[in-house]
Amino acid sequence: PSKTYNILAAGKPILFLGESCSEIYDLVINEEVGWSIDISAKKELIDFFTNLKLADIDVLNALGVNARKLAEEKYPESKILNEFLKSIKSIS
């Protein structure tokens, strides 16, 4: 998950390969910031790469814009640092 937030902040679309019952899988789909493919769906992954075209650059750019917007609005640095600080204080 920690790498996901860096990708969002960079304004890049995400291709998530993992368990379909994970938080990141849902985030990528629900927030329209990329593609989520279940790790067991080999055909779907092959189809994704087979059908990816240069013409899809507008889609990639739009997903990147969504990613950056999500990072700025839902996961701003100040919020993340405050949550981190609260976690540290709760341990003490």
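Within the 3.5 Å criterion, the main-chain N or O of Ser20 finds a donor-acceptor partner in the side chain of Asp38.
Residue pairs that meet the salt bridge (Lys or Arg N to Asp or Glu O under 4.0 Å) test with at least one member in residues 58-69, sequence neighbours left out, are Arg68-Glu72. Residue pairs that meet the ring-ring contact (aromatic ring centres under 6.0 Å, His included) test with at least one member in residues 41-82, sequence neighbours left out, are Tyr5-Tyr75, Trp35-Phe48.
When the side chains of ILVMFWY residues are joined at heavy-atom separations under 4.5 Å, either directly or via intervening members, Leu70 and Ile80 end up in a single hydrophobic cluster. Val59 and Ile14 fall into different hydrophobic clusters, where Ile, Leu, Val, Met, Phe, Trp and Tyr residues are linked whenever their side-chain heavy atoms come under 4.5 Å apart, directly or through other members. Side-chain heavy atoms closer than 4.5 Å link hydrophobic residues (I, L, V, M, F, W, Y) into clusters, and following such links, possibly through other members, connects Leu15 to Ile39. Note on Leu52: it clusters hydrophobically with Leu17, by side-chain heavy-atom contacts below 4.5 Å among ILVMFWY residues. Hydrophobic clustering (ILVMFWY, side-chain heavy atoms < 4.5 Å, transitive): Phe16 and Ile7 are in one cluster.
Contact check for Glu31 versus Asn66: no side-chain heavy atoms found under the 4.5 Å cut-off. You'll find the side chain of Asp56 reaches within 4.5 Å of the side chain of Lys53, heavy atoms only. Between Val33 and Leu63, the closest side-chain pair of non-hydrogen atoms is not below 4.5 Å.
Here Leu81 contributes atom CG and Lys86 contributes atom NZ; the two are 12.5 Å apart, rounded to the nearest 0.5 Å.
Across every non-hydrogen atom of Ser87 and Ser90, the tightest pair is O-OG, 2.8 Å. Glu44 and Ser36 get closest at one heavy-atom pair: OE2-O, 4.1 Å. Across every non-hydrogen atom of Gly18 and Tyr25, the tightest pair is O-CD1, 4.5 Å.
Applying the side-chain contact (heavy atoms from CB on, under 4.5 Å) criterion to Ile57, with sequence neighbours excluded, gives Leu60, Asn61.
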